[in-house]
Amino acid sequence: MYRHLEQQLRAAVRDFFQRTYGLDLPQIVINQAPNVEFGEYALSLAFELAKTLRKAPHKIAEEVVAGIGAVPGFAKFEVAGAGYINARLNRAELAAALAVTLAAGKDATAAPPSGKTLVEHTSINPNKAAHVGHLRNAILGDTFVRLLRFAGREVDVQNYIDNTGVQVADVVVGFLHIEGKCLAEIEVLTRAPRFDYYCWDLYAQVSRWYAEDKARLQMRGQVLHALEEGGNDTAAMAELISTAVLRRHLETMERLDIEYDFLPRESEILHLHFWDAAFAKLKEGKVLFFEEQGKNQGCWVMKRAGAEAAANEELTDEDQKVIVRSNGTVGYVGKDIAYHMWKFGLLGRDFGYRRFLVYPNSHQCWMSALTGETEHPHFGDVSEIYNVIDARQSDPQTTVIEALRGLGYQAQADHYTHFSYEMVALTPRCAAELGYELSEKDKQRAYIEVSGRKGFGVKADDLLDTLIANAKQEVDSRHPETPDEERAAVASQIAIGALRYFMLKVTKSSVIAFDFKEALAFEGETGPYVQYAVVRATNIFRKGGFDPDQFRAENIDWEKQLGGDADNDIWDLWLTAAKTSYIVDQCIATTEPAYLAKHAFQMAQKFSYFYHRHPILSETDEEKKALLLATTAVIRRELTRILAVMGITVPAVM
RNA sequence: GCGCCCGUAGCUCAGUUGGAUAGAGCGGCAGCCUCCGGAGCUGUAGGUCGGGAGUUCGAAUCUCUCCGGGCGCACCA
């Protein structure tokens, strides 16, 4: 709605300049007026055109206002300041329409592109517990999936499992050589409640053990080789461990309402020989070439992204990226290229598929297999992909895109988005609270990178447990009369709301310096604040004896209530509600969910202001009361929808 | 050395394609529950937008340069 009106205005302005001056304006920038009092949209093009038209900006603005004529949806145009043009909407007309469309939940977003979208997120190495950094990834990814689905796109959610890499190998080394455990003993351990915590400690221990004697690294090599080979006891052990840890990760994510459709594993990429198919195409397409001399002698290399050799010059060693090592084995990037060719349906091979787990809502999650079930959904072969991976991995991501481009798949390369975000680090104070010993140098830092390898970080389940416990304490003291089971459910909703909002309110490009004080906040700019606004809106209806979902705005003279000099603050709420689909489109276009979080907070804040300013149930003017209730109903429904896109539910009481 | 990111109020962060007096939250101070539940609301103090130069009618935003911090640049994944 908001976007449609903006386009309407743009067309009218373009038409005016075409008609009056024969000017064809390709781009017309439309801003928001600084305050709704001035109107909804503002144009500053009079300033830009002053030189071309040789007229003062104010004069041009006056001409536009006088000559633009009637624009559907708009009430009036005004000149402001030195030459701004403010456009004011026909508020009564828009509010009446919004009351209908928003109640029906169908304010259209931009038309979705054809084809399926694939979002890959989480992708935690299955050798240790998930930590706060992984939470940021999963929450960003899951929210982006929800944004895409809100906009009407068909989305597959994948969680890539690297079950044959060094990280899993290291834990296997720990079990074999430090703890001397056999397969059966490990099997017992995997059934303990938090096996991933056990691995967390063991993994850190292995790293220290290697550091004590570098010769021990040989054992990693041996295990790694056995894993890639497959069909042996070591591989079976790795399979057992990585699957058990994976199940723990999925449980952790399930606590946050995060689910997956498909879990492709590296072991299948390896054993189904995805690389061989990709290698052939890459050689054929001359994307890879064999280096016969220098540092990379004997390797198959690719031109590094951005590197351009001068005419008749060979690429320097630094401009080459090794894809196949001189011993003939393929590195991580090569496997990733093959995997991404599969995603776009360009590889000519497919995984086998087997059912892995069913979520309580009966959603089926699949896993890759060597030979799978005959009946299965079709994964891969998508038209666009988003990979939620932290900013540190942008180089290899670019290499994969360049490989696709080199093979001539321009369209696919253009629809490959590295959804990049900055890491989560710990403040020195937080690290000290957790009992870590810090060097003097680290104490001076603003933040310290978390490290699974060192066992340095806040585990996801611990954070959730603490959040839930804190929320529970609050709920207990506020609602002692409520049954305990219900209180626990409410506490969990609040905890998730706090955590998800905390991760979403910060823009992707800034490092989160994790601090318990802020992560555990339930007041101010937090998820619970927004949830609370909805709970209060619901309470109004309950106390008034109305059903908020059935409430319809009837018998309201919109013109009298919102037109002319009526209250700007009430109108502001309607306008904010109208912007949601516009914001969603913006979040998708920029892969930035933070805009939605800000939008939710602003709407809740405006509602709180409205709530305190207008007593609703005691309002004696029946028509005014109807307007206030209609406003509350729209905001309540809109906030609920937005929270759902962020993966946050609204508790019954707070 | 090269590439990417960050530097805005005491702290943590917004600021969308350059636009009207630079905004929130937390913390500080002062207030608000006989009235839809105070996880709330109101008021107040607090900023050379890291420094400098340039482009522009107009710069936190674009360009250059310098300073400070972070992260990448493996025949690791």
Side-chain angles (χ1 to χ4, degrees), chain A residues 27 29-35 38 42-44 47-48 50-51 56-57 80-84 86 125 162 164-167 169 224 266 295-301 304-306 318 321-327 329-333 335-336 390-396 398 420 422-423 425 427 445-447 449 471 474-475 478 494 498 505-513 515 517-518 521-526 528-529 531-533 535-537 539-544 583 586 589-590 592 594-595 597-598 601-602 605 608-609 611-619 628 632 653-654:
Chain A
Q27 274 214 317
V29 176
I30 297 177
N31 301 297
Q32 289 177 32
N35 189 319
F38 301 151
L43 292 144
S44 54
F47 295 101
E48 299 168 44
K51 208 167 252 177
Y84 293 98
N86 290 333
N125 272 299
D162 182 3
T164 56
V166 281
Q167 297 214 20
L224 212 42
E266 183 158 271
K295 180 167 80 92
N296 300 328
Q297 186 179 12
C299 299
W300 286 88
V301 301
R304 205 178 277 283
E318 279 65 38
K321 170 71 197 159
V322 171
I323 304 297
V324 180
R325 304 176 191 115
S326 54
N327 66 5
T329 58
V330 60
Y332 161 78
V333 182
K335 282 178 273 191
D336 217 22
D390 77 67
R392 286 169 291 192
Q393 308 233 33
S394 75
D395 274 10
T398 312
S420 169
E422 274 294 347
M423 62 179 174
T427 60
R445 288 166 169 261
Y447 48 81
E449 199 172 347
E474 280 295 317
V475 178
R478 285 161 201 254
I494 292 170
K505 73 172 173 180
V506 182
T507 51
K508 298 177 303 171
S509 57
S510 80
V511 174
I512 293 182
D515 196 290
K517 191 161 160 275
E518 278 170 57
F522 295 146
E523 290 168 12
E525 196 195 339
T526 63
Y529 176 95
Q531 290 171 312
Y532 187 57
V535 169
R536 294 217 287 200
N539 285 347
I540 295 171
F541 284 96
R542 206 185 47 223
K543 283 273 161 80
I583 304 276
Q586 196 179 12
T590 57
E592 181 52 273
Y595 297 137
K598 293 285 169 195
F601 178 66
Q602 275 169 21
Q605 210 175 23
S608 292
Y609 179 73
Y611 177 92
H612 283 271
R613 221 185 119 168
H614 305 279
I616 297 172
L617 295 176
S618 56
E619 175 61 54
L628 297 177
T632 306
V653 293
M654 274 185 84

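Chain A is the first sequence line, chain B the second, and so forth, proteins listed ahead of strands; every chain is numbered from 1. The figures here come from the full heavy-atom set of this structure, side chains too, leaving out hydrogens, waters and symmetry mates. The shown structure was predicted, so the numbers you read here are calculated from the model rather than taken from an experiment.
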Derivation of the side-chain contact (heavy atoms from CB on, under 4.5 Å) call for Met423(A) and Tyr447(A)
CA-CA 11 Å; Met423(A) 62 179 174; Tyr447(A) 48 81; 3.9 Å; yes
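Residue Gly81(A) is classed as having no contact, given no heavy-atom separation below 4.0 Å to the nucleic acid.
Taking atom C1' in both U42(B) and A60(B), the straight-line distance is 30 Å, to the nearest Å. G46(B) and G52(B): their C1' atoms are spaced 26 Å apart (whole Å).
Using Watson-Crick or G-U wobble geometry with both donor-acceptor distances under 3.5 Å, G72(B) finds its partner in C2(B). The base-pairing partner of C13(B), taking Watson-Crick or G-U wobble contacts with both distances under 3.5 Å, is G23(B). Pairing for U56(B) is absent, with no Watson-Crick or G-U wobble pair whose two atom distances lie under 3.5 Å. Base pairing of G46(B): no nucleotide in any strand meets the Watson-Crick or G-U wobble criterion (both distances under 3.5 Å). Nucleotide G40(B) forms a Watson-Crick or G-U wobble pair with C32(B), both donor-acceptor distances falling under 3.5 Å.
Evaluation of the side chain to side chain contact (heavy atoms under 4.5 Å, CB included) rule for Glu523(A) yields no partner, not counting sequence neighbours.
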Reading nucleotides 30-41 of chain B 5' to 3', which nucleotides get B (base under 4.0 Å from a protein heavy atom), which S (sugar-phosphate only), which -?
------BBSBSS
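With A77(B), G19(B), G25(B) as the candidates, the nucleotide lying closest to the side chain of Gln393(A) is A77(B). For Glu525(A), taking side-chain heavy atoms from C-beta onward, the closest of the listed nucleotides G25(B), C6(B), A14(B) is G25(B). With distances taken from any side-chain atom of Ser326(A) to the nucleotides G72(B), C75(B), U17(B), the minimum falls on C75(B). Considering only the side chain of Thr507(A), G15(B) comes nearest among C6(B), C57(B), G15(B). The side chain of Arg325(A) has C75(B) as its nearest neighbour among C57(B), C75(B), G70(B). Picking from U16(B), G70(B), C75(B) the nucleotide with the shortest atom distance to the side chain of Val322(A) gives C75(B). Here A20(B) is the nucleotide among A20(B), C75(B), G19(B) with the atom lying nearest to any side-chain atom of Ala42(A). Nearest nucleotide to the side chain of Asp395(A), out of G72(B), C75(B), C26(B): G72(B). Side-chain proximity of Val506(A) to the nucleotides C5(B), C13(B), G19(B) is greatest for C13(B). Between C75(B), A77(B), G15(B), one nucleotide has an atom nearer to the side chain of Lys295(A) than all others, and that is C75(B).
When each of Tyr447(A) and Ser510(A) is assigned the nucleotide of RNA chain B with its nearest heavy atom, Ser510(A) is the one assigned upstream, toward the 5' end. Between Val333(A) and Lys508(A), the residue anchored nearer the 5' end of RNA chain B, judged by the nucleotide with its closest heavy atom, is Lys508(A).
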Any N/O pairs under 3.5 Å between the protein and nucleotides 60-62 of chain B? List them or say none.
none

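Summarising the geometry, atom CD belonging to Glu422(A) is positioned 7.5 Å from atom OG belonging to Ser509(A); distances are rounded to the nearest 0.5 Å. In this structure, the separation between OG1 on Thr427(A) and CD on Glu518(A) is 9.0 Å, given to the nearest 0.5 Å. Here the CG atom belonging to Asn86(A) is positioned 8.5 Å from the CG atom belonging to Leu43(A), to the nearest 0.5 angstrom. Summarising the geometry, atom CD1 belonging to Ile512(A) is positioned 9.0 Å from atom OG1 belonging to Thr507(A); distances are rounded to the nearest 0.5 Å.
The glycosidic torsion of C33(B) lies within 90° of 0, which places this base in the syn conformation.
Atom pair Ile583(A):CD1 and U16(B):C1' shows a separation of 9 Å (rounding to whole Å applied). Taking atom CD of residue Gln602(A) and atom C1' of nucleotide G15(B), one finds them 10 Å apart after rounding to whole Å. For the pair Phe47(A) CZ and A20(B) P, the computed distance is 10 Å after rounding to whole Å. The nearest whole Å value for the distance from the NZ atom in Lys598(A) to the P atom in G15(B) is 8 Å.
At a cut-off of 3.5 Å, with distance as the only test, a side-chain donor of Ser608(A) or Tyr529(A) sits close to an acceptor on the other residue. Between the side chains of Asn539(A) and Arg536(A), no donor-acceptor pair of N or O atoms lies under 3.5 Å.
Side-chain N/O atoms of Lys335(A) include none lying less than 4.0 angstrom from OP1 or OP2 on A77(B).
Put simply, the side chain of Glu518(A) and the base of U12(B) share no donor and acceptor less than 3.5 Å apart.
Using a 4.0 Å cut-off between charged side-chain N and carboxylate O, Asp390(A) and Arg392(A) make a salt bridge.
Look at Tyr84(A) and the base of A20(B); the rings stack, centres closer than 5.5 Å and planes less than 30° apart.
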